[in-house]
Amino acid sequence: MNFLSLFVLIPLLMMLGLWIARDMKQIRTVAVIGSTLLLALSVYTLVEFLAERAAGNTATMLFTDSRMWYAPLNIHYAVGVDGVSVAMLLLSSIIVFAGVFASWKINPLPKEFFLWFMLLSTGVFGFFISVDLFTMFMFYEVALIPMYLLIGVWGSGRKNYSAMKLTLMLMGGSALLMIGILGIYYQSGLHSMNVVEIAEHGNIPMNWQYFLFPMTFVGFGVLGAMFPFHTWSPDGHASAPTAVSMLHAGVLMKLGGYGCFRVAIYLMPQAANELAWIFLILTGISVVYGAFSACVQTDLKYINAYSSVSHCGLVLFAILMLNTTAMTGAVMQMLSHGLMTALFFALIGMIYGRTHTRDIREMGGLMQIMPFLSVGYVIAGLASLGLPGLSGFVAEMTIFVGSFEHTDTFHRVLTIVACTSIVITAVYILRVVGKLLYGAVQNEHHRELKDAEWWERLSVITLIVCVVAIGSFPHWISDLIREGVEPITNLLSQAL
Amino acid sequence: MDYSQFLVMRSEISLLVVFLLIFLIDTFGGQKSLKGLSITACVLFALHTVWNIIPVESASAFGGMYHTSPMASMVKTVLNIGTFIVLLQSISWSATPDVKLRRGEFYELLLVTLFGMYLMVSSGHFLLFFIGLETASLPMAALIAITKKDSESYEAGAKYLFTAVFSSALFLLGLSFLYGVAGSLYFDDIATSVAANSTPLFIATLVFVLAGMGFKLSLVPFHLWTADVYEGAPTQVTSYLSVISKGSAAFALMLVLYKVFAFEPAVWQGIMWALIVLTITVGNLFAIRQKNLKRFLAFSSISQAGYIMLGIVADSIQGTTALVYYVLVYIFSNLAAFGVISSIEHNTGKVSMDDYNGLYKTNPKLSVIMMLAMFSLAGIPPFAGFFSKFFIFASAIHSGFYILVLIALLNTIISLYYYLLVVKAMFINTENECVIAPFRSDNGSRVSLVVCVAGILLLGIASCVYGYFADLSVLGI
């Protein structure tokens, strides 16, 4: 058996273990062992991958394995990874690991919570290792449905409304996606669902591409919070419990970007070249609109949810620039945003768990009360607004350099517009930092609150280390990603 | 006459044997054997199912009047599995005072309707088809009205009877036109003679036949009886009606359209296109407002019938495979839902969705099963419903029905909404006190629910089932 399948198997075994577990201690043991194994596995994948590449293996996908599943439709269970998916696997396992510790004291129904959480992870990991359209789509939907119960049962605020809205909008996206996938399957003339095969040998007629490209791009774009389909995101994030917000903003929204990149653009490069401008405008709106919306929010989670809309918009924006530099930047932005937004949501969850409010008008001076959490918040904030040395800077720099490589007015103007989001980001981040952390203490009861416990520190430190690591040593990761992006950009330039 | 022809009808004969045995026990059996009648029926029926599990070869009997194929034989097995689950679920219900005396009749009538469906599925002549249709419909009305003291059950029985008779009349009118046009009622003869000279009258025939079958399948606009009948009938009968009756009618309709109206698919595909859009949309929109779970599942099953029709409209071998597979998965999912509902109704008398609030607290196992059923019906992976939906959409897309599939897919979002409402009631609405107290369901229901859950979990992951159906459908229907 291919070791990549372990990424699906481990969460499934964890679910079995959780099913058997009797008390909180056993549940935690299973969750910690499983998530540590996943983390170790993704590091192992990375090391093996680099070794294989260093040895001169230039195949698009490594560690491939393909087993016939549904012979009448030639559906395989096919796995394989390239640089981009290795990076995504790493990101997912880090966030799952941090998420387990962030939900150390989840209440009520801890067992059920972790069961759903692990089902969600199964979907996420399965999606990133799949190279077969059908299994990819299946895992994609597996990752979506647990959100409904995770938000509905363990969420806060308007949870019923948000859970339903999120589920239905994402399922709406996947409805379009299903048409797209079936269309690709029947129009490519290959009778194959394998992504690499279709990309290399498939020939989807141009008039079909005009129909299927928007279907797939919008289908995944809904999850990537593309304007005007982003409205599920702020509500969903705000209502979700901490670990779910982390995993959702950190990883699940990346499924959208990754899917646009791997399916829509990779398989239909001609249409991508011709239609990218429409979606560039839409994602450009996401970037700026999300940032402006974040400025006027008073709920901490809403601020970060809108900031996610803006940053994820930037991911899609960069992918649509269709050149190597910008796309590399896009994947780095996925990593960077995944980590820092997970950090944000973890910290917000921890602060909310203490103060029982997320309204920034009701809090202040937290730096004196909980210095550890506050410092973490400052670091996350600085990463978000692009301070050099942290991950955000590297990613955004690469994106804007890549975008500016286009010499025509349309792309230049859009790039400049998108650049303004950096300034706006600074506005809303510094506003919160100033008010929340350094302002006067608003509520005297807050003075009695304690700083982070060990599990919370572990969760936060893991994420901070990663944010700093990417920011300070970006080369190894950008080389890894660039090498995964190049086959796609080659196809794109051939298609011109 | 060559009596060996009867051997072709292996499954019909063995069903008849089961029927006669139950009839004999019911008539002449002592107090003791009557008490165990429901168990006996389950065992006998299980034997019958296993005996017929290997499909027969394609064969005709009685000059082409009866025609069977491996796929038709498989459909009978699928119906058998569903009926077996229904029988399991009705063990404890049939011991209630109201039904106890008429327990034998329940089993007899049920088996007779199944016999009728068998005939429909493997007929080669419209006369046999019509006999099958009637045998499947008329005893059903008696089944629906079987709870004597329940006036709603009576009302439902009458409603079903009237609509069934009316639709039969339409169907017969269509057949008489057909006879006038083609001069024969053999499927094969009609196909060859009409292909030579198609007339507008033939189209009229098509419309009448579609209308007649539309009633059985409760396609919109022929669906008006469904909700009231489903609500009024005893839950066991409702579940039988919603899966077995529907599944057999779907296959029978496919048989007729593919064989008799094969020469001009565009005409009936156009009609079906409109019927599917109407059925799915109306079924879904009405389901949203339902509070009574039986009515809720009635509308859900209307929209599911629309999805099943996508396999017919595809007009291909792939469509046949997808349709039978969809029916099988639908049987497991829907019977899981009905099993939970009937178990709760039997123990507490509650059928309203509001009563299900916080069910997870008091009856966690039942709520998890209900959730699996809802997810499977909504088409969420990794449950079987996802796979069956995917394949049926794939078959329709393969034949070029992109817009139709898009409409159907957008409808799945609406359906997901109302299926989630049930999940929400059980898992999320826990603020108020729970209406349903903890209870232990009877063994029959437990076994049936375990079978259903196994089906929901395994049918999709184990690709062999779909592969097997695909192999069978290549051999023709």
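Here is the naming used below: chain letters follow the sequence lines, and residue numbers restart at 1 for every chain. All figures in this text were calculated on a predicted structure; none of them were measured in a lab.
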B:L406 and A:L176: CA distance, side-chain angles, deciding distance, side chain to side chain contact (heavy atoms under 4.5 Å, CB included) verdict: CA-CA 7 Å; B:L406 185 62; A:L176 300 183; 3.9 Å; yes
Trace of the side chain to side chain contact (heavy atoms under 4.5 Å, CB included) decision for B:F383 with A:I145: CA-CA 12 Å; B:F383 310 114; A:I145 199 70; 5.9 Å; no
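When each of A:L119, A:V153, A:I75 is checked for heavy-atom pairs under 4.5 Å with chain B, A:V153 comes out on top. Counting heavy-atom pairs closer than 4.5 Å to chain A, the top residue among B:I428, B:N429, B:V423 is B:I428.
The 12-atom threshold is exceeded at CZ of A:F211, counting heavy atoms of other residues, nucleotides or ligands nearer than 6.0 Å. Atom CG of B:L475 is surrounded by more than 12 heavy atoms from other residues, nucleotides or ligands within 6.0 Å.
Here the side chains of A:L109 and B:Y360 are in contact, with some heavy-atom distance below 4.5 Å. Using a 4.5 Å heavy-atom cutoff, the side chains of B:V405 and A:M178 are not in contact. Residues A:Y148 and B:K424 meet the side-chain proximity criterion, which asks for heavy atoms closer than 4.5 Å. With a 4.5 Å cut-off on side-chain heavy atoms, B:Y402 and A:L182 do not count as touching.
A distance-only check finds a donor-acceptor pair linking the side chain of A:W69 to the backbone of B:I461 [under 3.5 Å].
Closest non-hydrogen pair, A:P72 versus B:A470, comes out as CG-CB, 3.6 Å.
By a heavy-atom distance cut of under 4.5 Å, A:M164, A:T167, A:L168, A:M171 are the residues of residues 161-171 of chain A near chain B, going up by number. Residues of residues 135-144 of chain A lying within less than 4.5 angstrom of chain B, judged on heavy atoms, are A:F137, A:M138, A:E141, A:V142 in numerical order.
With rounding to the nearest 0.5 Å, the separation of OH in A:Y186 from OG in B:S399 is 8.0 Å. A distance of 7.0 Å separates OG of A:S174 from CD1 of B:I413, quoted to the nearest 0.5 Å.
Both the backbone and the side chain of B:F390 come within contact range of chain A, judged by heavy atoms closer than 4.5 Å. Contact annotation for B:F387: only side-chain heavy atoms (C-beta onward) come within less than 4.5 Å of a heavy atom of chain A. If you measure heavy-atom distances from B:A378 to chain A, you find no contacts under 4.5 Å at all. Residue contact with chain A, scored on non-hydrogen atoms closer than 4.5 Å, involves the backbone and the side chain of B:A394 alike. For A:M68, no part lies near chain B; criterion is any non-hydrogen pair under 4.5 Å.
Among B:I397, B:I403, B:L410, the single residue meeting the side chain to side chain contact (heavy atoms under 4.5 Å, CB included) criterion with A:I179 is B:I397.
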